[in-house]
2 protein chains.
Amino acid sequence: MSVPEAGAKPPTSSDVARLAGVSRSTVSYVLNSPPGVRVSAQTRERVMLAVRELGYAPSAPARSLRSGNSDVVLFPLPLQPMGQLLEAFIDELTEALNRHELSLLIHADRTSRGADAARQWAALRPLAVMAESNRLTGGAVDVLKRAGVRAIFAWGREEHPDVPTAIFDNRDTGRVAVRHLIDRGHRRLACLVPSGPLAFLGEERWAGAQAAAEDAGVSLRRVDVGYVREDVLAIVRQWQRESEPPTAVFAGNDDFALMIISALRECGWSVPDDMAVVGADDLPFCDLVWPRLTSVSMHTRTMGSGASDAITTLIRGRDYRPGGRMVVHPRVVVRESG
Amino acid sequence: MSVPEAGAKPPTSSDVARLAGVSRSTVSYVLNSPPGVRVSAQTRERVMLAVRELGYAPSAPARSLRSGNSDVVLFPLPLQPMGQLLEAFIDELTEALNRHELSLLIHADRTSRGADAARQWAALRPLAVMAESNRLTGGAVDVLKRAGVRAIFAWGREEHPDVPTAIFDNRDTGRVAVRHLIDRGHRRLACLVPSGPLAFLGEERWAGAQAAAEDAGVSLRRVDVGYVREDVLAIVRQWQRESEPPTAVFAGNDDFALMIISALRECGWSVPDDMAVVGADDLPFCDLVWPRLTSVSMHTRTMGSGASDAITTLIRGRDYRPGGRMVVHPRVVVRESG
DNA sequence: TGTAACGACCGACACGTGTCAGTAGCGCAT
DNA sequence: ATGCGCTACTGACACGTGTCGGTCGTTACA
């Protein structure tokens, strides 16, 4: 067994056939064992031996050229903004797909969208594509369908008009958070709306929070705030000067919940007695701080396997029926802070 | 322009050629414009029009079958444990590779390793593979080399014997943290060693911390601790009963730093006056809490572009020379907590 | 008028695989 | 002796692409 050089030419099934003293077709039959084909035990063994000897791996490009598509589920992912939230989702999706002999491929590019992006994705001839909803615009779906992609899914905050969408509706997040606080008896509420790269998240959560407050006839004030500690401290100082400050705050996300709790204690207020605080995202540290942080969780893990089911169904049976609407229902994980 | 069905057969360059009234070769020349080939402007335009009309995207499998390899840099990634730390690294790597017309593909499978895994990766015929060091065992490297992979890299905590490795040495992390505390004048130190899924990280950081303390002749105690809040509280209570408790603690990671700061204040101690605290990983919340959290940062972003440079160098020029050793030097980001 | 050079395009091949149709060998019933 | 069915295998084709060599028409020059 000679030492291979990097960049060498890969061994082909012809090499294996030659070494095993059989035809190339036989090699293919041994490796794929299609229904209704018999190969004698000793031939099979000779082939497998040659495979191992050469370190042969069938060329995925060639197979998918031949078969028309691959075993790839493509997940174009902008890693930047959604990192923590999507991790469990991807994790579960991966495992579920692996169980079906499919492999998840995460294509990490953040730049392209629309038809251009679709052409890039289509070039890989994947079985399925699960893309962010707002990147599937301007004919992107058509390009993918034309390219033979069997299942097209969207995920994100907006439902896609033509494609089943896994909806992370952040209005719901705001809604359940505020409803929880109202159920706890609070009547004067505040909602932090963070600026910065994830501002859109804050806006949506605010919208849901506002709706919930209106429904219940409870006062809710909007507080815009930058992603720095001093802003949060200023807000608390302001509240301290008021005669009727809020008694509970939905912080918009866990980072801000952490900040505002720190700020409150810095100013001598206690949580949750003087002020209840609810975060969102259910990050790991929610369980690790004093007081433990009540937060809104999207059980994205469950959703991962759900998405996998949908994908495999669409791939196997070929009735492609848009309109399935998977909504992630957020729920409040009640801890000590509110 | 008819409505395409999902699962349709993708258009080929022959379709484009037919529609444009030229030969297939001409289509290929228009799309790739190889050196020394001329195509008239009007022909070119007719072809491009047909391309758009059909939504044609050249089949990546077919191209890489023809050319022998793809434009893919494969990154087999177990998303689970390293999430936050790797995010910036991947982010930067993606952008750097995109600049070279290469695309990063993250293959999310956690199960396989060694030669089996290598065969799976090799099947894609990628240009380069950047895998976790401890998965490149048992002939995996040979399989990849045999499969024509031009550049093989490892990343992780151990240097790979045969392959350039990007080393995240967590002993260094412990070392710089403790050295920082010593420089600040502390002489009685503690180091938290977390249990749980990331225990190995804690062990390495502890090893480095211990070495730094020994070098300086300073006392450092090891404190094993579970990933729950109560353990941390118990530790602080224990310290309060001692006559000469530590004056500074390296918490092992940012989560524990957060916990121990909370616990300390719960018990009436102030940070950093009564106890200095240093975390590690430099998570986003370090800047958002009171007091701001001093932490050890690995500037993985820089490393991403470094890795990209190495990869492209190895791919373009074909002199493959193992032994390059990229070490990520951690550095202390000094804030208020210690 | 002959021919050389050149621009613009085309035909044919190879890449590695899966699979269909076919064949050689053999036992067995007619 | 002939035909049939079965096992175990092989030969040949198609998948979609990039590229080499070749051809056809036009222009330039002697």
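So that the names make sense, note that chain A is the first sequence line, chain B the second, and so on, each numbered from 1. On a predicted model such as this, the values are computed, not experimentally measured, just so you know.
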Which of these nucleotides, [options], is closest to any side-chain atom of [X]?
X       : options                : value
B:Thr43 : C:dT17, C:dA8, C:dC9   : C:dC9
A:Asn32 : C:dG18, D:dC9, C:dC10  : C:dG18
A:Arg66 : D:dC15, C:dC10, D:dT19 : D:dC15

Remember a base hit wins even if backbone is also touched, and classify [X] as base, sugar-phosphate or nothing at under 4.0 Å, heavy atoms.
X       : result
B:Pro58 : sugar-phosphate
A:Pro10 : nothing
A:Ser59 : sugar-phosphate
A:Val37 : nothing

Donor-acceptor pair (no angle test) under 3.5 Å: A:Arg24 side chain, C:dG18 base: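 By the distance-only test, yes, there is a pair.
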query: Does A:Arg125 make a side-chain donor-acceptor contact with the base of D:dG16, cut-off 3.5 Å?
result: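 No pair found.
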message: If the threshold is 4.0 Å, N to carboxylate O, is there a salt bridge linking A:Asp15 and A:Arg18?
response: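 Looking at A:Asp15 and A:Arg18, the cut-off is met.
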How many whole angstroms separate atom [atom1] of [X] from atom [atom2] of [N]?
X       : N      : atom1 : atom2 : answer
A:Asp15 : C:dC15 : CG    : C1'   : 13 Å
A:Arg46 : D:dA8  : CZ    : P     : 14 Å
B:Glu45 : C:dC9  : CD    : C1'   : 18 Å
B:Arg38 : C:dC10 : CZ    : C1'   : 18 Å
A:Gln42 : D:dT7  : CD    : P     : 17 Å
A:Leu54 : C:dG16 : CG    : C1'   : 15 Å
A:Lys9  : C:dA14 : NZ    : P     : 12 Å

Under 4.0 Å from OP1 or OP2 of [N]: is there any side-chain N or O of [X] that close?
X       : N      : value
A:Ser25 : C:dG18 : no
B:Arg63 : D:dG18 : yes
B:Thr12 : D:dC15 : no
A:Tyr29 : C:dC20 : no
A:Ser40 : D:dC9  : yes
A:Ser13 : C:dT17 : yes
A:Ser67 : C:dG18 : no

- prompt: Okay, side chain of A:Ser33, backbone of A:Val30: is any donor-acceptor separation there less than 3.5 Å?
  reply: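 Side chain of A:Ser33 to backbone of A:Val30, a donor-acceptor pair under 3.5 Å: no, none is there.
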message: With salt bridge (charged side-chain N to carboxylate O under 4.0 Å, His left out) as the criterion, how do B:Asp116 and B:Arg119 come out once you've worked through the C-alpha distance, each side chain's angles and the decisive distance to 0.1 Å?
response: CA-CA 5 Å; B:Asp116 286 348; B:Arg119 263 205 287 279; 3.7 Å; yes
task: Between B:Val39 and B:Ala62, just flag the one whose closest nucleotide in DNA chain C comes earlier from the 5' side.
output: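 The 5'-side residue here is B:Val39.
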Heavy-atom side-chain proximity of A:Leu31 to A:Met48 below 4.5 angstrom: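 They are in contact (side-chain heavy atoms under 4.5 Å apart), so the answer is yes.
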task: Report yes if some heavy atom in the side chain of B:Leu54 is under 4.5 Å from a heavy atom in the side chain of A:Arg146; otherwise report no.
output: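 Result no, sub-4.5 Å side-chain heavy-atom pair not found.
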For B:Ala154 against B:Val163, the heavy-atom pair lying closest together: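 Residues B:Ala154 and B:Val163, closest heavy atoms: N-CG1, 3.4 Å.
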